[in-house]
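For reference, the structure is listed below as structure tokens.
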Amino acid sequence: MPLIKQKEEELAQERQKAEQKSKELEQERQKVEQERQKAEQKSKELEQERQKAEQKSKELAQERQKAEQKSKELEQERQKIIETAKFLKTLNVADKIIAEKTGLTIEEIENL
């Protein structure tokens, strides 16, 4: 009988060790799951940041295109003013009057 009792105690101890190991493994699994969830959340946040940056880049590109278009329009307008000034010069209109009406400087008009 003492041998059976000893074996039962050994089995009980082994069972307790196995249960303890099972608890430790479960805790470790939970930690890993929490880390996975944190990593997934961080990944989502980074994706949102990437999308925001991409949107901002698109907006900046549109603004750059608008600015380039405006610059072209202003240059075209300036060319029209210069052509008008040239025409007025051919009509012998005074440089001062041309400057007042076109916004060009006297020097610009003299150089036409």
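Just so it is clear, the structure is predicted and the values come from calculations on it, not from any experiment.
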- Item | Path from Ile82 to Leu74 over hydrophobic side-chain contacts below 4.5 Å | no
Quick one: are [X] and [Y] in side-chain contact, heavy atoms under 4.5 Å?
X	Y	result
Phe87	Thr90	yes
Lys80	Glu83	no
Glu10	Lys7	yes
Glu45	Glu49	no

- For the residue pair Gln79 and Glu75, confirm or rule out a side-chain donor-acceptor distance under 3.5 Å. yes
- Task: Give a yes-or-no answer on whether the side chains of Gln16 and Gln20 include a donor-acceptor pair shorter than 3.5 Å.
- Result: no
- Nearest heavy-atom pair of Lys89 and Leu112: which atoms, and what distance? CD-CB, 4.2 Å
- Separation of Arg29 CZ from Arg36 CZ (nearest 0.5 Å): 10.5 Å
- Message: Please report the interatomic distance CD(Gln6) to CD1(Ile4), rounded to the nearest 0.5 Å.
- Response: 11.5 Å
Donor-acceptor pairs are to be reported for all side-chain atoms of residues 98-111 against protein atoms at under 3.5 Å, with residues two or more places apart or in another chain.
unit_1 : atom_1 : unit_2 : atom_2 : d
Thr102 : OG1    : Ile98  : O      : 2.7
Thr102 : OG1    : Leu104 : N      : 3.2
Thr105 : OG1    : Glu108 : N      : 3.0
Thr105 : OG1    : Glu108 : OE1    : 3.3
Glu108 : OE1    : Thr105 : N      : 2.8
Glu108 : OE2    : Arg78  : NH2    : 2.7
Asn111 : ND2    : Glu107 : O      : 3.1

- Passes side chain to side chain contact (heavy atoms under 4.5 Å, CB included), Lys58 versus Glu54? Steps please. CA-CA 6 Å; Lys58 288 178 182 177; Glu54 189 176 291; 3.9 Å; yes
